[in-house]
Amino acid sequence: MTSYDALLLLSFGGPEGPEDVIPFLENVTRGRNIPRERLEKVGEHYYLFGGVSPINGLCRDLKAAIEADFAAHGVDLPVYWGNRNWTPYLADTVRRMKEDGIRRAAAFVTSAYSGFSTNDQYLDDIARAREEVPDAPEIDKLPVYCDRPGFVDPFVDAAKDALRRLPQDARLVFTAHSVPLAQPNREHYEAELHTVARTVAEAAAPGGQWDLVYQSRSGPPSQPWLEPQITDHLEKLHGEGVRAVAVVPIGFVSDHMEVKYDLDVEAAGRAAELGLAFARAATPGTDPRFARLPRLLLEERR
């Protein structure tokens, strides 16, 4: 741990007011030729919540929780925060780190899995940000942590809590962000999701049935993505006679927009139309077991 002089919390970013929504979505989709009409349609999801994504507030809370864990365990490292798509932009944070005299930092990203968008793209983000800052600090991304107890155990408790709110025969349905089948390292991402979902299911409801499905698809219909989508799967379960579902967003570390809208609004609404009892499990967020993960990962690098 002594080889680092800072921790960088690295996240996706999100708008913090209605005027930010379209510029933020333009950042997210830059270079992909997404029509303005599509951006405006997605923007409506954010406007339902006042144009504010929960993710920046969640990152502030997580940063504070990590700092508290560091202080409680005698870890004397400052914690910085930078985003891919909105303020505080990563390059600006790296510039501030350099000005503060930071020479080598470890990066903890708010994405637990392998894969391109969940891991490799963050490595690219770090490299680009460092290129923008002459004599930038070295930044090492901490390892993928989807299999760590600090990530898995909060989901086990959350799944149990969701099941307690439903009839005894409720079905566990795990969700994660869909990605194109052709995306690099998609197989690693998919395999890790299956492993984590199985681990949580066996601990939360031994012997029970469970499914892994996907959400938040954004590509053209002609492009194959991981399936099935959550709303399609709810319809299938209803047709099979399932009466209740506990949805566990196993692919996410916090309740950001794709959880708050795609699950709490869209999936919950479809379940209500079908007459399915529906409960959504919490994400790790600032659970102390999750907030201590950066420290534990740093200790492994001593």
Side-chain angles (χ1 to χ4, degrees), residues 42 45 48-49 54 112-113 115 118 146-147 151-181 186-187 189-219 221 223-285 287:
V42 174
H45 303 175
L48 282 176
F49 297 87
Y113 294 87
T118 48
C146 60
D147 59 343
F151 181 72
V152 174
D153 291 350
F155 271 120
V156 172
D157 290 346
K160 289 179 178 178
D161 178 68
L163 288 169
R164 278 194 291 267
R165 290 179 268 141
L166 295 168
Q168 282 193 338
D169 59 351
R171 181 76 153 257
L172 272 176
V173 177
F174 296 92
T175 70
H177 202 300
S178 186
V179 299
L181 296 187
R186 184 266 303 167
E187 297 90 344
Y189 172 66
E190 190 176 5
E192 287 170 351
L193 287 168
H194 276 277
T195 297
V196 177
R198 183 180 301 108
T199 300
V200 173
E202 289 175 351
Q209 289 186 298
W210 60 274
D211 310 292
L212 173 64
V213 303
Y214 298 92
Q215 60 174 91
S216 312
R217 176 190 170 125
S218 60
Q223 184 181 37
W225 283 53
L226 286 172
E227 294 181 338
Q229 288 290 296
I230 176 67
T231 49
D232 294 338
H233 191 66
L234 292 177
E235 293 171 9
K236 177 176 179 289
L237 292 178
H238 175 255
E240 294 173 354
V242 172
R243 298 185 303 123
V245 289
V247 174
V248 185
I250 199 75
F252 304 91
V253 305
S254 63
D255 286 11
H256 54 68
M257 188 57 69
E258 284 151 327
V259 175
K260 299 297 287 182
Y261 181 83
D262 295 357
L263 295 183
D264 294 354
V265 174
E266 197 168 58
R270 187 67 188 118
E273 292 170 356
L274 294 167
L276 284 171
F278 180 98
R280 198 265 292 172
T283 49
D287 185 294

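In this chain, residues are counted from 1 in sequence order.
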Rounded to the nearest 0.5 Å, what separation is found between the [atom1] atom of [X] and the [atom2] atom of [Y]?
X    : Y    : atom1 : atom2 : answer
L163 : R171 : CG    : CZ    : 12.0 Å
L193 : Y214 : CG    : OH    : 5.5 Å
W210 : I250 : CH2   : CD1   : 9.5 Å
L234 : L276 : CG    : CG    : 6.0 Å
L263 : M257 : CG    : CE    : 12.5 Å
H233 : K236 : NE2   : NZ    : 5.5 Å

Evaluate the side-chain proximity of D262 to I230: yes if any heavy-atom separation is below 4.5 Å, no if none is. no
With a 4.5 Å heavy-atom cut-off, do V196 and Y113 have their side chains touching?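 They are in contact (side-chain heavy atoms under 4.5 Å apart), so the answer is yes.
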So, are D161 and R165 salt-bridged, with charged N and O less than 4.0 Å apart?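 Salt bridge present between D161 and R165.
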Would you call E266-R270 a salt bridge at under 4.0 Å N-O?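 Judged by the 4.0 Å cut-off on N to carboxylate O distance, E266 and R270 do not form a salt bridge.
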Can you name the closest pair of heavy atoms from [X] and [Y] and give their distance?
X    : Y    : result
A203 : P206 : O-CD, 4.2 Å
A162 : A279 : O-CB, 3.7 Å
A268 : F278 : CB-CE2, 3.7 Å
A176 : Y189 : CB-OH, 3.7 Å
A201 : L172 : CA-CD1, 4.0 Å
R186 : L181 : NE-O, 3.2 Å

Go through the steps to decide whether F151 and V200 satisfy the test side-chain contact (heavy atoms from CB on, under 4.5 Å), and finish with yes or no. CA-CA 10 Å; F151 181 72; V200 173; over 6 Å; no
Are there over 12 heavy-atom neighbours, none belonging to E240, within less than 6.0 Å of that residue's CD?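 Counting other residues, nucleotides and ligands, CD of E240 exceeds 12 neighbours.
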State whether the number of non-hydrogen atoms from other residues, nucleotides or ligands found under 6.0 Å of E187 atom CD is greater than 12.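 Enclosed: over 12 neighbouring heavy atoms sit under 6.0 Å from CD of E187.
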Would a distance-only check, ignoring hydrogens and angles, find a side-chain to backbone donor-acceptor pair under 3.5 Å from T283 to D255?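 Side chain of T283 to backbone of D255, a donor-acceptor pair under 3.5 Å: yes, one is there.
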Would Q215 and H177 count as having a side-chain donor-acceptor pair, cut-off 3.5 Å?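 Checked: Q215/H177 side chains show no N/O donor-acceptor pair below 3.5 Å.
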Establish, from distance only, whether the side-chain atoms of E227 and W225 form a donor-acceptor pair under 3.5 Å.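 The criterion, which ignores hydrogens and geometry beyond distance, is not satisfied for W225 and E227.
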H194 vs E192, test: side-chain contact (heavy atoms from CB on, under 4.5 Å). Steps then yes/no. CA-CA 5 Å; H194 276 277; E192 287 170 351; over 6 Å; no
Start with the C-alpha gap between D147 and V152, add the side-chain angles, then the distance that decides, and say whether side-chain contact (heavy atoms from CB on, under 4.5 Å) holds. CA-CA 7 Å; D147 59 343; V152 174; 5.5 Å; no
Please determine whether side-chain contact (heavy atoms from CB on, under 4.5 Å) holds for the pair V265 and F49, giving the CA-CA distance in whole Å, both sets of side-chain angles, and the decisive distance to 0.1 Å. CA-CA 11 Å; V265 174; F49 297 87; 4.2 Å; yes
Of the options V213, L274, V245, which is the one that meets L237 in a side chain to side chain contact (heavy atoms under 4.5 Å, CB included)? V245
